2 protein chains.
Amino acid sequence: MQAQRHSKQRDAILENLCSRYDHPTAEDLYFSLKPQIPALSLATVYRNLAQLESDGKIIRIESGTTKRYDGNINLHYHLTCLDCGGVFDIFLNDDCGLCQKAAESFDGKIVSHSVLFTGYCPSCSKQAG
Amino acid sequence: MQAQRHSKQRDAILENLCSRYDHPTAEDLYFSLKPQIPALSLATVYRNLAQLESDGKIIRIESGTTKRYDGNINLHYHLTCLDCGGVFDIFLNDDCGLCQKAAESFDGKIVSHSVLFTGYCPSCSKQAG
DNA sequence: TTCGTTAACGATAATCGTTATCGTTAGCAT
DNA sequence: ATGCTAACGATAACGATTATCGTTAACGAA
């Protein structure tokens, strides 16, 4: 296995992702970084997101058709708004014993977990209900 | 809005899905039903899965690239095996207070939730670890 | 500092799951 | 039986992601 080389593009992608809280798609990041790195290719964004994810530096959110990414790797959950389609963070103090209970009732090995809520975000729930 | 009509295809899809526990993809169901309904079209499978899902009769599992479906609509969670790629059921008695805690700490409205564990299924965890 | 190796890049073609289109079929109310 | 149109089957289109390939640049060794 070869050493991973440093790259401006990967740095920029990670930095951009960690500085925002809207859980962008690969394309969102691409357009966000394009002014800063005009020669950037969308393929490079996908490549680096995959790499950063397998390195455990970012999180992939499986929400609907398009994958979204999160630079916050601390334990937290997400909610997809049925109205605006946005993805929002939900911070709990712990996992509510979910992993322990799951480990007790499942005859396999649990490595990680993710929770995806659906509902209405603060803004949309105030407007309509 | 027009009334939903009955169709053999939809019946067969729902029945097939409810009789199995492997969380098949649309294509899995298509090939499974093809001998029984030779004229079946893959588009029909997709159409009916979407309809059954919006009717609340089945559940869609967002696991990786391909959507999978589950005929069991009772509360339970899933685990994706990192080894074999299969999706397995995890039954807990309740949601461990997840929804309540989330509602308390989130200024929006929560409608539903899903939990996806990753790890190793019983069979794969016995073989390797 | 220069050189050689090759990881990573940019551009773009290919892939693949899913959705849309459209002419035909069949469920069901009249 | 007849008419209306939801649902069908076949297939084209779509969109997100991945693979390919020639070029560029990171970085260890000379």
Side-chain angles (χ1 to χ4, degrees), chain A residues 1-17 22-55 57-70 80 85-87 116, chain B residues 1-17 22-55 57-70 80 85-87 116:
Chain A
M1 192 191 292
Q2 282 302 318
Q4 184 181 94
R5 288 184 189 169
H6 188 248
S7 98
K8 275 180 226 172
Q9 290 86 346
R10 183 161 49 250
D11 281 355
I13 289 164
L14 181 58
E15 191 190 330
N16 186 296
L17 182 56
D22 62 344
H23 312 90
T25 64
E27 210 179 35
D28 291 337
L29 288 164
Y30 171 71
F31 285 119
S32 172
L33 289 165
K34 197 70 176 165
Q36 173 183 339
I37 308 173
L40 184 68
S41 167
L42 182 55
T44 298
V45 177
Y46 275 106
R47 254 192 307 254
N48 281 299
L49 286 171
Q51 196 170 350
L52 289 166
E53 203 246 338
S54 78
D55 288 349
K57 292 179 182 169
I58 65 173
I59 287 169
R60 171 182 285 160
I61 306 169
E62 304 279 354
S63 163
T65 50
T66 310
K67 285 171 191 163
R68 289 163 165 267
Y69 295 86
D70 192 335
T80 303
V87 172
L116 189 60
Chain B
M1 194 192 292
Q2 282 301 319
Q4 183 181 92
R5 287 183 190 169
H6 189 249
S7 97
K8 273 182 226 170
Q9 288 87 346
R10 184 160 47 250
D11 282 356
I13 289 165
L14 182 57
E15 190 189 330
N16 186 298
L17 182 56
D22 61 344
H23 313 89
T25 65
E27 209 179 37
D28 290 337
L29 287 164
Y30 170 72
F31 286 119
S32 172
L33 288 165
K34 197 70 177 169
Q36 173 182 339
I37 309 173
L40 184 67
S41 167
L42 183 55
T44 298
V45 177
Y46 276 106
R47 254 192 308 255
N48 280 298
L49 286 172
Q51 195 170 351
L52 289 166
E53 204 245 337
S54 78
D55 290 348
K57 292 179 181 168
I58 65 173
I59 287 170
R60 171 182 286 160
I61 305 169
E62 303 280 355
S63 163
T65 50
T66 310
K67 286 171 189 163
R68 288 163 165 268
Y69 295 87
D70 191 336
T80 302
V87 172
L116 187 61

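Chain letters run A, B, ... following the sequence lines, proteins first and then strands; every chain starts at 1. What you are looking at is a predicted structure, and each value in this text was computed from that prediction instead of being measured. Only this structure's heavy atoms are used, side chains among them; waters, hydrogens and symmetry mates stay out.
- Taking a 6.0 Å sphere around NZ of A:K34, one finds it holds more than 12 heavy atoms contributed by other residues, nucleotides or ligands.
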Enumerate, atom names and distances included, each donor-acceptor pair closer than 3.5 Å involving a side-chain atom of residues 61-68 of chain B, sequence neighbours excluded.
unit_1 : atom_1 : unit_2 : atom_2 : d
B:S63  : OG     : B:T80  : OG1    : 3.2
B:R68  : NH1    : B:D22  : O      : 3.3
B:R68  : NH1    : B:H23  : O      : 2.7

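- Spacing between atom CG of A:D55 and atom P of C:dA7 amounts to 15 Å, rounded to whole angstrom units.
- Taking 4.0 angstrom as the limit, B:S41 places none of its side-chain polar atoms (N or O) nearer than this to OP1 or OP2 of D:dT11.
- Axis angle across the helix from C:dT1-D:dA30 to C:dT30-D:dA1, with five pairs used at each end and values rounded to 10°: 40°.
- Place B:Y69 and A:K34 on DNA chain C by their nearest nucleotides, and A:K34 ends up nearer the 5' end.
- Side-chain atoms of B:R10 come within 3.5 Å of backbone N or O of B:R5 as a donor-acceptor pair.
- The side chain of A:K8 approaches D:dA26 more closely than any other nucleotide in the set C:dA8, D:dA26, D:dG9.
- Phosphate contact (OP1/OP2 of C:dC9, side-chain N/O of A:S7, threshold under 4.0 Å): present.
- Close to C:dT6, at under 4.0 Å from its OP1 or OP2, lies no side-chain N or O of A:R5.
- Protein atom CG of A:N48 is 15 Å distant from nucleotide atom P of C:dA7, rounded to whole Å.
- No engagement by A:E27 is indicated, since no non-hydrogen atom pair under 4.0 Å with the nucleic acid exists.
- The shortest distance between the side-chain N/O atoms of A:Y46 and the OP1/OP2 oxygens of D:dT18 is not below 4.0 Å.
- Between the C1' atom of D:dT5 and the NE2 atom of B:H6 lies a distance of 18 Å, rounded to the nearest Å.
- Look at B:Q4 and you won't find any side-chain N or O under 4.0 angstrom from OP1 or OP2 of C:dG27.
- Across B:Y69 and B:L17, no two heavy atoms sit closer than the pair O-CD1, 3.6 Å.
- With rounding to the nearest 0.5 Å, the separation of CD1 in A:I58 from CD in A:Q51 is 10.0 Å.
- Rounded to an integer number of Å, the gap from A:L49 CG to D:dT18 P is 10 Å.
- In this structure, B:R10 places its CZ atom 11 Å from P of C:dG27, rounding to the nearest Å.
- Between the side chain of A:N48 and the backbone N or O of A:T44 there is at least one donor-acceptor pair closer than 3.5 Å.
- One finds a side-chain N or O of A:Q9 lying less than 4.0 angstrom from the OP1 or OP2 phosphate oxygen of C:dG10.
- Proximity of a side-chain donor or acceptor of B:D28 to a complementary backbone N or O of B:T25 within less than 3.5 Å is detected.
- Protein atom CD of B:E62 is 9 Å distant from nucleotide atom P of C:dT18, rounded to whole Å.
- Remark: B:E27 engages no residue in a salt bridge (charged side-chain N to carboxylate O under 4.0 Å, His left out) (not counting sequence neighbours).
- When heavy atoms are screened at a 4.0 angstrom cut-off, A:R47 is found touching base atoms of the nucleic acid.
- Per the geometry, CG belonging to B:D28 stands 13 Å off C1' belonging to C:dG17, to the nearest Å.
- Between B:L40 atom CG and D:dA10 atom P there is a gap of 9 Å when expressed in whole angstrom units.
- Residue A:A43 has its side chain nearest to C:dT12 when only C:dT12, C:dA20, C:dA8 are considered.
- Residue A:Q51 places no side-chain N or O under 4.0 Å from the OP1 or OP2 atom of C:dA7.
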